[in-house]
Number of protein chains: 2
Amino acid sequence: MKLRCRDTVSDEEERALEHACSGFREAKPKEVLVHERRPQTQSHLLLEGIVARQSTLSDGRRQIVALHVPGDFVDLHSFLVQSLEHDVVALTPVRIAIFPHAGLRAITETHPHLARMLWLSTLLDAALHREWVLTVGRRTAKERVAHLLCELHARMRVVERTTGNSYQLPLSQTDIADACGLTNVHVNRVLRRLREAGLARFRTKIVEILDPEGLAAAAEFDPFYLHLGGFPR
Amino acid sequence: MKLRCRDTVSDEEERALEHACSGFREAKPKEVLVHERRPQTQSHLLLEGIVARQSTLSDGRRQIVALHVPGDFVDLHSFLVQSLEHDVVALTPVRIAIFPHAGLRAITETHPHLARMLWLSTLLDAALHREWVLTVGRRTAKERVAHLLCELHARMRVVERTTGNSYQLPLSQTDIADACGLTNVHVNRVLRRLREAGLARFRTKIVEILDPEGLAAAAEFDPFYLHLGGFPR
DNA sequence: CGGCTGCTTGAATGCGGTCAAGTCCAGTGG
DNA sequence: CCACTGGACTTGACCGCATTCAAGCAGCCG
């Protein structure tokens, strides 16, 4: 639970955070963990698996607005906005830690530094959102998929879910398409092109990055926006 | 400065906030207020005018990732992430209030409720970002432009910058294009179609919404994501 | 006056979507 | 054991929305 090491977290703060956790939960793929527009009284920290935040237009067009890997606070923001404007859905089997809002609120009253760290984690979410706006707004299909593979590689590595240049990514091509603002058919074609270009491979739910520099160049990926550097807050 | 009335702000908190403001600044269109990747020591609250946060790919493709209207804290997040991954640019003549990070940090130590309000404002930013991901990822060109006009109308109304169903929007069509992930040429065509359909008009830097319900329907616009409802935090 | 920026419109191009058919499984049940 | 089923992946052919390229126009300013 001490995954958030962009700044030092004291033992006392770690205990305060553990104290705010009321329990755990598991869920299966496709299960909706949080429904949009329903008042929430707790937030969720992802321990294992992958979850998506997604919105759907009336005619069924679906967009994944964020993907989360283990260690991410999936809906910390519900603590202050009460109800979400999107669904939170498990894409794989997941394990989750639950944090009632009352406890989070108490932390903001008594542990300002820890509160800033939590605030920071929502700011990093926002930075990811902005990069995604850039991606779906201006990058080509090939760049989008390549960028997503690079981003997830970097984020998975932080939480030690990679083995060298490959990592498990138990998503369907349709999931990737909905994250990139493309169709599953076109994602399939793009993945083939990436494979044929010797850049990356995605099969049997495993991503292998064959040419890290080449893939990053093709995506114009620069991990700066992940703000991985630590400094005192 | 008491624009943030989603929850009550006490006199004492208002004074604390005013105390944290170190001064003011003006800038002309196209001026870069904050450069990406440069360490920051202060944040900026927009008082008058419109600013954009934008990223640019190496070949010049530009994406506006956020637009700000008076009353918005443009880069409050620099307080915790130190340097931004995007530029902050004035699109019109602007007037700005400056808040050194030290003062903001002090607020988090001594005014937990005010700190939560500031945190909330960054969460609302993130909610806007997510809606934009949905927009550029899944909406058609016509829907995108219509949605932007609706969103800005709602946001401008909150800060009393509207007169009935019209408001000043001193942006170029290229700015709108870069916000919507389109080209200026196509935005021009879409605006014509919106006008011919009797939905909205945008000329001489003024937006007139001729058919609010029709425009919202065409955009599938629902202001819920703006989280305008107030409740205690 | 020229020069610049932004708006407008037309014609051609192309990226990604749509539609459709077919393949490859893992799971299920006869 | 194999037939059946459903879901995800793959590939091809065609289509269309938005881009690109280009030209012309309007307003503003030195």
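A note on names: the letters A, B, ... follow the listed sequences, proteins ahead of strands, and every chain is numbered from 1.
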d(CG, A:Leu191; P, D:dA8) in whole Å: 16 Å
Side chain proximity check, A:Leu148 to A:Leu67, heavy atoms < 4.5 angstrom: yes
Atom-to-atom span, CZ of A:Arg138 to P of D:dA18 - whole angstrom: 13 Å
Value in whole Å for how far the C1' atom of C:dG6 lies from CD1 of B:Ile176: 12 Å
Rounded interatomic separation in angstrom, taking CG from B:Leu91 and P from C:dG6: 12 Å
Distance below 4.0 Å between B:Lys205 side-chain N/O and C:dC7 OP1 or OP2: yes
OP1 or OP2 of D:dT10 under 4.0 Å from side-chain N/O of A:Gln173: yes
Residue met sooner reading DNA chain D from 5', once B:Val185 and A:Thr174 are mapped to nucleotides: A:Thr174
Among B:Phe73, B:Phe24, B:Phe79, the one residue meeting ring pair (Phe, Tyr, Trp, His ring centres under 6.0 Å) with B:Phe99: B:Phe73
Spacing of A:Asp175 atom CG relative to D:dG7 atom P, expressed in whole Å: 15 Å
Closest nucleotide among C:dG6, D:dC9, C:dT8 to the B:Ser172 side chain: C:dG6
Distance, rounded to the nearest Å, where B:Arg139 contributes CZ and C:dG17 contributes C1': 19 Å
Between C:dC25 (P) and A:Arg203 (CZ): distance, integer Å: 11 Å
Sidechain N-carboxylate O distance under 4.0 Å for B:Glu220, B:Arg138: no
Short N-O contact, B:Glu208 and B:Arg195, less than 4.0 angstrom: no
B:Arg189 (side chain) and D:dT20 (base): donor-acceptor pair under 3.5 Å: yes
Under 4.0 angstrom between A:Thr183 side-chain N/O and C:dG17 OP1 or OP2: yes
N/O (side chain, B:Lys30) to phosphate O (OP1/OP2, C:dT5) under 4.0 Å: no
Under 4.0 angstrom between B:Asn188 side-chain N/O and C:dT8 OP1 or OP2: yes
Salt-bridge contact B:Arg53-B:Asp72 (side-chain N to carboxylate O under 4.0 Å): no
For atom CZ of B:Arg144 and atom P of D:dA18, their distance in whole Å: 7 Å
Sugar-phosphate, base or nothing in reach of B:Lys142, heavy atoms under 4.0 Å: nothing
